[in-house]
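Every heavy atom of this structure was used, including side-chain atoms; hydrogens, water molecules and symmetry mates were not.
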Amino acid sequence: MDISSTNISTLFNDDSPMPEAFLMRLTKREWDVILHLSKGLTTPEIAAKICIEPKSVENYRSRIADKLELKGRNKLVWFSWKNQDFLENWYKFSKKNFGLS
């Protein structure tokens with residue numbers, strides 16, 4: 001998938017408004033959480049992988065959903081699963097081109 005030519009709004013099956021730069025809103029830790037979430041890991045599994053409390057994972061998930069303008073817990077899970085390859089590619093692209101660490 002060519003990241004530079006991808007229209008972000010095509011990643012969604014509904015008509016939710018989505019700013020083009022929404023992925024740039026995420027912090028490094030939020031990226032850690034969404035990438036693990038996209039692989040199907042549960043909150044306790046993500047917490048163990050990145051060495052934080054499960055409650056912290058829940059807080060990050062809430063912040064991610066807010067930043068991506070995804071209402072409801074299930075939309076974030078669905079979005080991350082549906083777009084796993086895109087998210088991984090965008091993360092690599094942004095690290096290389098925008099200095100995301």
State, with a plain yes or no, whether a side-chain heavy atom of [X] is found less than 4.5 Å away from one of [Y].
{"X": "I52", "Y": "R29", "answer": "yes"}
{"X": "F86", "Y": "Y91", "answer": "no"}
{"X": "L23", "Y": "W31", "answer": "yes"}
{"X": "W90", "Y": "K95", "answer": "no"}

Inset, instruction - Using a strict 4.0 Å threshold on nitrogen-to-oxygen distance, state whether D66 and R63 make a salt bridge. - result: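 Looking at D66 and R63, the cut-off is not met.
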Legend entry - Donor-acceptor under 3.5 Å (K67 side chain, R25 main chain):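 Checked: pair present.
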Working to the nearest 0.5 Å, report the span between [atom1] of [X] and [atom2] of [Y].
{"X": "L70", "Y": "I64", "atom1": "CG", "atom2": "CD1", "result": "10.0 Å"}
{"X": "C51", "Y": "D32", "atom1": "SG", "atom2": "CG", "result": "10.5 Å"}
{"X": "I46", "Y": "S56", "atom1": "CD1", "atom2": "OG", "result": "12.0 Å"}
{"X": "E30", "Y": "L35", "atom1": "CD", "atom2": "CG", "result": "11.5 Å"}

Inset, instruction - Report the C-alpha distance between L87 and S80 in whole Å, list the side-chain angles of each, state the deciding distance to 0.1 Å, and finish with yes or no for side chain to side chain contact (heavy atoms under 4.5 Å, CB included). - result: CA-CA 8 Å; L87 290 170; S80 64; 4.2 Å; yes
Qualifying residues under side chain to side chain donor-acceptor pair (under 3.5 Å), relative to [X], sequence neighbours excluded:
{"X": "T43", "value": "E58, R61"}
{"X": "E53", "value": "none"}
{"X": "T42", "value": "E45"}

Legend entry - Check against side chain to side chain contact (heavy atoms under 4.5 Å, CB included), K39 and E88: CA-CA 10 Å; K39 295 173 183 167; E88 289 175 357; 3.2 Å; yes
Inset, instruction - Dump the intermediate steps for side chain to side chain contact (heavy atoms under 4.5 Å, CB included) on I34 and L76, then the final yes or no. - result: CA-CA 9 Å; I34 197 170; L76 176 60; 4.1 Å; yes
Legend entry - Smallest separation among heavy atoms of L68 and F22, with atom names: CD2-CD1, 2.7 Å
